[in-house]
Asks: 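For reference, the structure I am asking about is given below.
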Amino acid sequence: MGYFISILLFFPLIPPGIPKDGWVQWEFEFPNKATCEQLLYEERPRIIDIINKQLRGVPHEVIDIQCMTIEEVVVANTELGHKPEWQMIPKKKPNKPMI
């Protein structure tokens with residue numbers, strides 16, 4: 001179970017009926033939470049700057065940044081009102097012995 005830098009974003013102009021905030025994740029996977037949190041501790045200002053540059057021109061606010069698993073983000077987004085079918089959950093690979 002890998003950990004990902006996860007960002008809680010708020011978009012004030014989202015139309016009614018859709019949650020205005022939600023968690024997104026970077027693609028780079030960390031092998032454990034401690035490694036992810038160390039990088040987050042060291043690079044938090046730079047990460048926020050990158051997010052703001054990517055979303056330039058789109059009204060938004062970075063609410064929080066944490067290290068979370070994919071499953072944790074799906075649960076958190078569901079609690080915020082996002083429908084589970086909106087969220088991509090990768091299929092788990094079967095545990096087969098290597099021959």
Asks: Which pairs of donor and acceptor atoms, one on a side chain in residues 9-22, lie under 3.5 Å apart (sequence neighbours left out)?
Replies:
from: K20; atom 1: NZ; to: P12; atom 2: O; distance (Å): 3.0
from: K20; atom 1: NZ; to: I14; atom 2: O; distance (Å): 2.7

Asks: Run the numbers on L39 and F28 for side-chain contact (heavy atoms from CB on, under 4.5 Å), then give the verdict.
Replies: CA-CA 12 Å; L39 180 95; F28 184 79; over 6 Å; no
Asks: CD of Q66 to CD1 of I7: how many Å apart, nearest 0.5 Å?
Replies: 11.0 Å
Asks: Not counting sequence neighbours, which residues clear ring-ring contact (aromatic ring centres under 6.0 Å, His included) with F4? List them please.
Replies: none
Asks: At what distance, to the nearest 0.5 angstrom, does CD of E61 lie from CG of L55?
Replies: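 If we round to the nearest 0.5 Å, E61:CD and L55:CG are 12.5 Å apart.
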Asks: Can you tell me which residue pairs pass the disulfide bond (SG atoms under 2.5 Å apart) test with a partner in residues 21-50, sequence neighbours excluded?
Replies: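 The answer is C36-C67.
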Asks: Which atom pair, heavy atoms only, marks the closest approach of N77 to W23?
Replies: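 For N77 and W23, the tightest heavy-atom pair comes out as OD1-N, 2.7 Å.
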Asks: Name all residues meeting the side chain to side chain contact (heavy atoms under 4.5 Å, CB included) criterion together with Q38; count only those two or more places apart in sequence or in a different chain, and write none if there are none.
Replies: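 With neighbours one apart ignored, the set is Y41, E42.
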Asks: Any pair with a residue in residues 3-18 that passes side-chain hydrogen bond (donor to acceptor under 3.5 Å, both in side chains), sequence neighbours left out, goes on the list, sorted by first then second residue, please.
Replies: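 Listed once each, the pairs are S6-Q25.
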Asks: May I have all residue pairs that pass side-chain hydrogen bond (donor to acceptor under 3.5 Å, both in side chains) and include part of residues 44-58, sequence neighbours excluded?
Replies: D49-K53, N52-H60
Asks: Measure across I65 and V62 and return the closest heavy-atom pair with its distance rounded to 0.1 Å.
Replies: CG1-CG1, 4.0 Å
Asks: What are the two closest non-hydrogen atoms of E29 and G2, and how far apart are they?
Replies: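 So the two residues come closest at OE2-CA, 3.0 Å.
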